[in-house]
Amino acid sequence: MILEQITEQLTETLTSRVLTLFGHAVDRIVLQAPPRLAMGDLATPLCLELAKALKRKPRELAEAMVSGLQLPMFVQSVTVEGAGYLNFRFDRGAFTAAHISNVMAPGAATGERVIVEHTNINPNKAAHIGHLRNAVLGDTYVRCMKWLGHRVETQNYIDDTGVQVADVVVAFQHLEPKSLAEVRAMTEDPSVRFDYYCWDVYSKMAAYYAENPEAQQWRRDTLHAIEKHEGDTFEFASTIARAIVKRHIATMLRLGITYDLLPKESDIIALHFWDRAFELLKSSGAVIQETEGKHKDCWVMKLDESAEFEGMNEPDKILVRSNGTVTYTGKDIAYQLWKFGLLDRTFNFRKFSTYDDGHILWETTSGEGDSNAPRFGGAQKVVNVIDVRQSYLQKVVKEGVRQLGHAREAENSIHYSYEMVALTPATAKALGIDVSEEDSKKPYIEMSGRKGLGVKADDLIDALQSKAAESVREGSKREGLTDADVDQLGREIAVAALRYFMLKYGRNKVIAFDFNEALTFEGDSGPYLQYSTVRVENIFRKMAERGVESKLDPASLDALTLNEGLTDEMWELVRLSAELPSAIRRATDALELSIITHDLFVLAQKFNSFYHKYPILNEKDPAERQRRAVCADVFRQTMRATLGLLGIPVPERM
RNA sequence: GCGCCCAUAGCUCAGCUGGAUAGAGCGUCAGCCUCCGGAGCUGAAGGUCGUAGGUUCGAAUCCUACUGGGCGCACCA
């Protein structure tokens with residue numbers, strides 16, 4: 001916050017000075033921390049850029065800029081260094097005193113309504129680690145956006161009438177027949193892990209289709225029956241979908257991931273969202289019916305003239321099949337329009353469940369709604385967290401919104417794309433999966449629900465949890481810990497390890513999943529951040545226990561005292577802490593949350609180094625102890641707040 | 001074939017809109033617990049930033065071509 005203010009003021013000052021001195025207008029000024037602390041706290045290569053335009057030597061320009069330059073508050077000095085950089089140094093004490101009461105202060109409310117859609121797992125099988133990447137990215141993004149002051153609504157779309165659910169229905173009706181009552185009993189039996197059970201059922205069904213292609217008629221009939229509510233097929237599908245969605249919600253809750261609303265595809269159909277969207281698309285000419293060629297009788301969106309789709313063999317996208325049924329993309333356009341409040345109708349809502357903290361999870365319904373439901377939808381910005389492989393579909397959705405004349409909403413339709421989580425051949429073999437000779441040469445193997453190939457989310461969390469609990473038991477400081485405490489710690493550490501693992505890679509990197517890497521609690525990991533935080537909390541706890549004066553009340557902070565003795569190591573903790581808010585802004589703008597984990601890791605490293613070098617509890621000089629304690633406190637506050645944004649809990653001890 | 005993405009230390013990755021001497025983690029080697037908790041700290045070794053051109057005062061970063069790998073290009077989602 002304070003750093004952002006300084007940067008803003010310096011930008012203004014420098015811009016106007018360049019204008020008055022040289023009559024030159026600059027449109028942006030790069031101000032960043034120089035590579036080494038000795039070079040100062042902020043620097044700009046401004047004069048190097050100016051040199052060319054003004055045909056003068058950079059250092060000469062720099063000298064002219066510097067003399068008599070009015071410096072903002074907290075900036076103590078400016079020097080010319082290197083080839084002509086302007087380097088600014090802060091008043092460390094004053095900055096620290098101002099920062100400590102302002103660490104990670106949340107942004108003011110912006111009033112902007114943002115819908116974030118994430119998770120979106122087909123409700124026909126257990127969640128796997130690829131789904132975890134999606135949910136962790138989405139949830140962390142939501143937490144950051146809320147911190148920045150936006151009003152965020154989290155939606156988890158349920159495709160309860162799609163092919164994948166239909167295939168499980170087909171399996172229960174044909175492959176290993178079970179009555180609706182039997183299936184329902186299974187979903188209510190706590191000893192059955194229904195999502196795991198369906199994982200196998202689904203892959204068996206897929207294998208059966210491969211062997212018996214004629215069986216695909218079952219799928220078509222089932223899809224039709226679901227859509228038309230014929231017999232008990234719709235009941236079958238919704239029973240299965242509902243039971244599995246509950247499992248997914250429970251799995252994600254283990255990681256602290258929650259939702260506000262579950263929009264269901266069946267309701268989009270029942271409430272005729274598509275029919276309305278279709279009318280709009282037809283009347284605007286965005287879709288037309290082909291009368292010849294291979295798309296004869298289909299309604300398609302013509303995209304061959306759009307620059308976005310240039311060069312594609314077959315850019316046109318079919319929204320309505322020749323048999324009159326709607327594709328997923330068609331429904332998705334209708335859903336997207338609703339999210340922006342551009343469809344002249346809405347869902348009804350009812351409670352799905354209530355989280356322990358009282359937060360209500362709502363679902364859509366085409367039946368009677370709850371009049372107490374909040375108003376969902378109608379956002380200014382919509383962010384869809386979806387795998388990069390669906391980029392084309394997301395572009396079509398965006399284009400559909402644009403062709404209906406909603407240019408601004410199209411621009412604010414953001415596809416938060418990320419690469420898949422794949423398995424290394426070694427991991428796949430370790431899971432007992434048959435790996436073909438060809439596949440074992442690849443760097444990684446794509447997971448496939450169809451083939452039943454993947455690591456289930458709950459299995460990974462279980463493995464992390466038991467490994468973490470084991471480490472706690474082996475730890476030296478576990479006296480007085482009950483079994484319940486150990487379990488609790490194991491859970492918290494597992495969450496940290498997993499969420500950090502999913503966030504630390506850039507979103508365009510394929511994660512080739514490796515158990516050893518995911519299970520690491522050392523070095524660049526979530527537990528390292530937790531451990532560092534537990535350490536700093538311990539210091540303050542012990543100070544309180546032993547009655548050591550820590551003098552942290554703002555009134556007693558003396559900027560000069562601080563300034564005199566703040567070493568580079570101490571100052572670096574403060575400055576890195578002050579840089580985090582802008583890092584979070586950059587991270588959300590670029591949809592690159594790894595920036596946050598990286599910066600936080602660097603900060604924790606600095607702290608651990610500081611920790612070993614500067615004891616606090618045993619420091620006899622009160623002024624020196626206070627300086628150290630202030631820096632430790634800055635770190636403590638930063639970690640508490642930022643780990644919260646990452647969804648990583650801070651344990652009592654480890 | 002067309003489009004998107006990836007290529008940086010032995011391995012896994014950072015490197016923010018082009019800026020100062022390219023950095024971490026893991027692994028390897030050498031050290032550090034009578035001292036706030038060793039899931040930690042200190043140090044060492046380890047690099048032609050895939051290749052070749054180009055733009056620029058300045059390129060891992062931007063442009064072009066190429067090489068290797070991945071993913072898309074359904075009347076599936």
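Letters A, B, ... are given to chains in the order of the sequence lines, protein chains preceding strands, and every chain is numbered from 1. Because the structure is a prediction, the values reported are computed rather than measured.
- By the stacking rule of 5.5 Å between ring centres and under 30° between planes, A/Y531 does not stack on the base of B/G40.
- When distances are taken from the side chain of A/S471 to each of B/G25, B/G37, B/A39, the shortest belongs to B/A39.
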Protein N or O to nucleotides 6-10 of chain B N or O, pairs below 3.5 Å:
unit_1 : atom_1 : unit_2 : atom_2 : d
B/C6   : O3'    : A/K509 : NZ     : 3.1
B/A7   : OP1    : A/K509 : NZ     : 2.8

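- Residue A/T327 is in sugar-phosphate contact alone, with no base atom involved, counting any heavy-atom pair closer than 4.0 Å across all strands shown.
- Toward the 5′ end of RNA chain B lies the nearest nucleotide of A/Q605, the other residue of the pair A/Q605 and A/Y614 mapping further downstream.
- In the set B/A39, B/A20, B/A77, the nucleotide with an atom closest to the side chain of A/D159 is B/A77.
- Residue A/H295 places at least one side-chain N or O under 4.0 Å from the OP1 or OP2 atom of B/C75.
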So A/Y209 and A/W218, ring pair (Phe, Tyr, Trp, His ring centres under 6.0 Å) or not? Walk me through it. CA-CA 10 Å; A/Y209 284 137; A/W218 291 341; 7.5 Å; no

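- The base of B/C41 is not paired with the side chain of A/S609 by any donor and acceptor separated by under 3.5 Å.
- Between A/Y328 and A/Y157, the ring planes are perpendicular. Angles over 60° get that label, and only those under 30° would be called parallel.
- Among the protein residues, A/N87 comes within range of the nucleic acid bases, having at least one heavy atom under 4.0 Å from a base atom.
- For A/M420, counting side-chain heavy atoms from C-beta on, the closest listed nucleotide (B/A39, B/A24, B/G70) is B/G70.
- Residue-level contact check: A/Y505 touches the backbone only, with heavy atoms under 4.0 Å from sugar-phosphate atoms and none from bases.
- Residue A/D332 is classed as having no contact, given no heavy-atom separation below 4.0 Å to the nucleic acid.
- In this structure, A/P443 reaches the sugar-phosphate backbone alone: every heavy-atom distance under 4.0 Å involves primed, P, OP1 or OP2 atoms, never a base.
- We find that A/R628 and A/E619 are joined by a salt bridge, their nearest charged nitrogen and carboxylate oxygen being less than 4.0 Å apart.
- Taking the side chain of A/Y528 as heavy atoms from C-beta on, and the options B/A24, B/C5, B/G40, the nearest nucleotide is B/G40.
- The distance from atom CE of A/M639 to atom C1' of B/G40 is 14 Å, rounded to the nearest whole Å.
- Pairing for B/A7 goes to B/U67, judged as Watson-Crick or G-U wobble with the two contacts each under 3.5 Å.
- When distances run from any side-chain atom of A/E446 to the nucleotides B/G37, B/C71, B/G69, the shortest one goes to B/C71.
- Residue-level contact check: A/N608 touches the backbone only, with heavy atoms under 4.0 Å from sugar-phosphate atoms and none from bases.
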Could you go through nucleotides 57-63 of chain B and list every protein N or O atom that sits under 3.5 Å from one of its N or O atoms, giving the distance for each pair?
none

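- Side-chain to base pairing of A/R36 with B/U21: one donor and one acceptor N or O lie within less than 3.5 Å of each other.
- Ring planes of A/W299 and A/F278: perpendicular class, angle over 60° (limits at 30 and 60°).
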Between A/T11 and A/R28, does the side chain to side chain donor-acceptor pair (under 3.5 Å) criterion hold? Intermediate values first, please. CA-CA 8 Å; A/T11 303; A/R28 95 201 150 97; over 6 Å; no

Identify each atom pair where a protein N or O and an N or O of nucleotides 27-31 of chain B are less than 3.5 Å apart, giving names and distance.
none

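- A close approach under 4.0 Å does occur between a side-chain nitrogen or oxygen of A/R535 and OP1 or OP2 of B/G38.
- Cation-pi geometry between A/R133 and A/Y418 is not met at under 6.0 angstrom from the ring centre and within 45 degrees of the axis.
- Here A/A632 lies out of heavy-atom contact (under 4.0 Å) with every strand.
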